[in-house]
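Quick one: this structure, given as structure tokens, is what I'll be asking you about.
Below, each value reflects all heavy atoms present in this structure, side chains not excepted, and no hydrogens, waters or symmetry copies. Just so you know, residue 1 is the first one in the sequence shown, and it goes up from there.
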Amino acid sequence: INAEYMGKMQAAQLSEAFIATFLACYQDLVDGKTGLIPEDSLQPLATLPELSTLTATPDAQHLGQTVVLKLNGGLGTSMGLEQAKSLLPVKAGNTFLDFICKQILHNRQTHQQVHPIKFMLMNSFSTSEDTRAFLVRYPDLLAPDLELLQNKAPKVDVKTMNPAEWPASPELEWCPPGHGDLFAALMGSGRLDALLDAGIKYAFVSNSDNLGATLDLTLLSYFATTQAPMLMEVCERTASDKKGGHLARLKTDQSLVLREAAQCAKADEPMFQDIAKHKFFNTNNLWLNLPLLKQAMLRTNGMMPLPLICNSKTLDPRDPTSPPVYQLETAMGAAIAALHGSTAVVVPRTRFAPVKTCNDLFLLRSDAYHTTPDFRLELAPGCQAVVELEPKLYKLVDSIEALAPNGMPSLVKCKLLRVEGLVEFGAEVVIEGTVTIVNKSGVRKKVEGSLKDTLLEL
């Protein structure tokens, strides 16, 4: 079976680094490896260095040795999008990608280095064309090596464990391999060597839908002094984060490890979700020391050993009667366990503002978030707004545009906005405190004026 997978991937001209990574994941699947990390193997982290108290002196010379790499492989299909998620308008007509480009250009303009900060996007086969067409409007960022192309992984037929086949639409035989593919993509494409040859020592990697993740010069300068192969930005967990992964140390060798929900046994769930015990979660903002990364990967035959994430799907995601398949993925944050000597720093929530749902997008588009001079989106001072839109009605982007066709309501003084039923906000609506709006009629109804600490039944 390995030969079949190897032949399929070689025919698709995938690199040796990726093929080795995929086959290792496939072997884990065949061997029934669960990837579970038992609670009794972990030591909770009591404290970590905090960005606000780092004593490193910001040194702009490091900028010329750094690449900002944005993960841009997602389509946002869960929000009803059929193009790169980063091309979704977020604020004042600007898309995620507009903000990212403006952040990079602002950094270059501010620091005026002889060797300005380098910029790259890791696109997938689904986002490459749209993204490159969009970037024509930023000619200063168009470089021949702007794009790092994510690999594609063969889907696994559940019944036979062979490569899935779908002759009617052969492209459906492949899936994205998760952002853990970053390492195989860098090594297998030759891009890691090219960056090192160009004098690039450091990479700052983050998701394109997190507009709080800009290059912080103090953090870069601190990372340069640590000689760690990797630094992970973490935030303190709150009650709303308790089901997400956390960072800990392995008792055996004191190395850092990231434990995701899927790696937690049922019996360990209460401790996994104990935010007083396991305090820190991964923001997916990562810093890499590229010379040390290459050394580590060469020690493991040019691949990064990462735990398997196995997703059960149907071969055609739009056809529930199509054959069941496994999609094998890895997550880049898990590399903290493989890159010994890695470290972590606690950062404020302002560096973590991802958009995963229409609730997030609705809040980001409102005045609850403002644009900083360096083109970050930050929650307004003192604002604690939370938005809960009825999931069945407001899952897709189109639905929230129908919710606020006259402009966004003001949410800067809102604590919680809950919407149940079909609603349309009028112009200049103001929401303060905790407001619940309910419409059980099945016909869209309009909300006008100001609402404060109230239940409005339409």
Problem set entry | Leu186 CG to Met297 CE distance, which is reported to the nearest 0.5 Å | 7.5 Å

For this session: Indicate yes or no: at least one non-hydrogen side-chain atom of Gln83 is less than 4.5 angstrom from one of Thr127.
Result: no

For this session: Name all residues meeting the side-chain hydrogen bond (donor to acceptor under 3.5 Å, both in side chains) criterion together with Arg237; count only those two or more places apart in sequence or in a different chain, and write none if there are none.
Result: none

Problem set entry | Contacts of type side-chain hydrogen bond (donor to acceptor under 3.5 Å, both in side chains), residue Glu165, not counting sequence neighbours | none

Exercise. Would you find a donor on one side and an acceptor on the other, under 3.5 Å apart, between the side chain of Arg108 and the backbone of Ile117?
Worked result: yes

Exercise. Side chains of Gln103 and Asn107: is there a donor and an acceptor less than 3.5 Å apart?
Worked result: no

For this session: Verify the distance criterion only: is there a donor paired with an acceptor across the side chains of Asn285 and Asn210 at less than 3.5 Å?
Result: yes

Exercise. When you measure from the side chain of Tyr5 to the backbone N and O of Phe22, does any donor-acceptor pair fall under 3.5 Å?
Worked result: no

For this session: Answer yes if the side chains of Ser128 and Glu147 hold a donor-acceptor pair under 3.5 Å, and no otherwise.
Result: yes

Problem set entry | Student check: side-chain heavy atoms of Leu393 and Leu422 closer than 4.5 Å | yes

Problem set entry | Contacts of Phe425 that satisfy ring pair (Phe, Tyr, Trp, His ring centres under 6.0 Å) - sequence neighbours left out | none

For this session: Enumerate the residue pairs fulfilling side-chain hydrogen bond (donor to acceptor under 3.5 Å, both in side chains) with a member in residues 323-344, sequence neighbours excluded, ordered by first and then second residue.
Result: Asn311-Glu329

Exercise. How many angstroms lie between OG in Ser322 and CG in Asp316, if you round to the nearest 0.5 Å?
Worked result: 5.0 Å

For this session: Examine the side chains of Ser208 and Lys85 and answer whether a donor and an acceptor come within less than 3.5 Å of each other.
Result: no

Problem set entry | Glu82 atom CD: more than 12 heavy-atom contacts under 6.0 Å | no

For this session: I would like to know whether Asn289 and Leu293 meet side-chain contact (heavy atoms from CB on, under 4.5 Å); could you show each step before the answer?
Result: CA-CA 6 Å; Asn289 179 311; Leu293 174 66; over 6 Å; no

Seminar exercise, completed: Residue pairs meeting ring-ring contact (aromatic ring centres under 6.0 Å, His included), one or both in residues 229-252, sequence neighbours left out, come to His246-Phe272, His246-His278

Exercise. Cation-pi between Lys8 and Trp174: NZ/CZ under 6.0 Å from ring centre and within 45° of the ring axis?
Worked result: yes

Exercise. Side chain of Arg349, backbone of Cys235: donor and acceptor closer than 3.5 Å?
Worked result: no

For this session: Just jot down the side-chain hydrogen bond (donor to acceptor under 3.5 Å, both in side chains) partners of Thr252, sequence neighbours excluded, or say none.
Result: none

Exercise. Where does the angle between the aromatic ring planes of Phe223 and Tyr202 fall among parallel (under 30°), tilted (30 to 60°) and perpendicular (over 60°)?
Worked result: perpendicular

For this session: Could you tell me which residues satisfy side-chain hydrogen bond (donor to acceptor under 3.5 Å, both in side chains) with Gln43, sequence neighbours excluded, listed by chain and number?
Result: Gln254

Exercise. Just by distance, do the side chain of Tyr222 and the backbone of Val345 share a donor-acceptor pair under 3.5 Å?
Worked result: no

For this session: Dump the intermediate steps for ring pair (Phe, Tyr, Trp, His ring centres under 6.0 Å) on Phe352 and Phe281, then the final yes or no.
Result: CA-CA 11 Å; Phe352 182 68; Phe281 75 87; 5.1 Å; yes

Exercise. Do the side-chain N and O atoms of Asp181 and Asn151 include a donor-acceptor pair separated by under 3.5 angstrom?
Worked result: yes

For this session: Report, as yes or no, whether the 6.0 Å neighbourhood of atom NZ on Lys201 holds more than 12 heavy atoms from other residues, nucleotides or ligands.
Result: no

Problem set entry | No-hydrogen, no-angle side-chain donor-acceptor test under 3.5 Å, Ser86 and Asp209 | no

Exercise. Roughly how far apart are Gln150 CD and His179 NE2, rounded to 0.5 Å?
Worked result: 9.5 Å

Exercise. How about Gln273: does its CD atom have over 12 heavy atoms from other parts shown lying under 6.0 Å from it?
Worked result: yes

For this session: Using side chain to side chain contact (heavy atoms under 4.5 Å, CB included) as the criterion, list what pairs up with Ile37, not counting sequence neighbours.
Result: Ser41, Leu42, Val257, Arg259, Gln263

Problem set entry | Set of residues satisfying ring pair (Phe, Tyr, Trp, His ring centres under 6.0 Å) with respect to Phe204, sequence neighbours excluded | Trp287

Seminar exercise, completed: Residue pairs meeting ring-ring contact (aromatic ring centres under 6.0 Å, His included), one or both in residues 126-160, sequence neighbours left out, come to none

For this session: Apply the side chain to side chain contact (heavy atoms under 4.5 Å, CB included) test between Asn359 and each candidate in Leu364, Val419, Ile400, Val387; give the one that qualifies.
Result: Val387

Exercise. Got a sec, which residues hit ring pair (Phe, Tyr, Trp, His ring centres under 6.0 Å) with Phe99, two or more places apart in sequence or on another chain?
Worked result: none

Seminar exercise, completed: Residues at least two apart in sequence or cross-chain that pass salt bridge (Lys or Arg N to Asp or Glu O under 4.0 Å) with Asp145, listed by chain then number, are Lys118

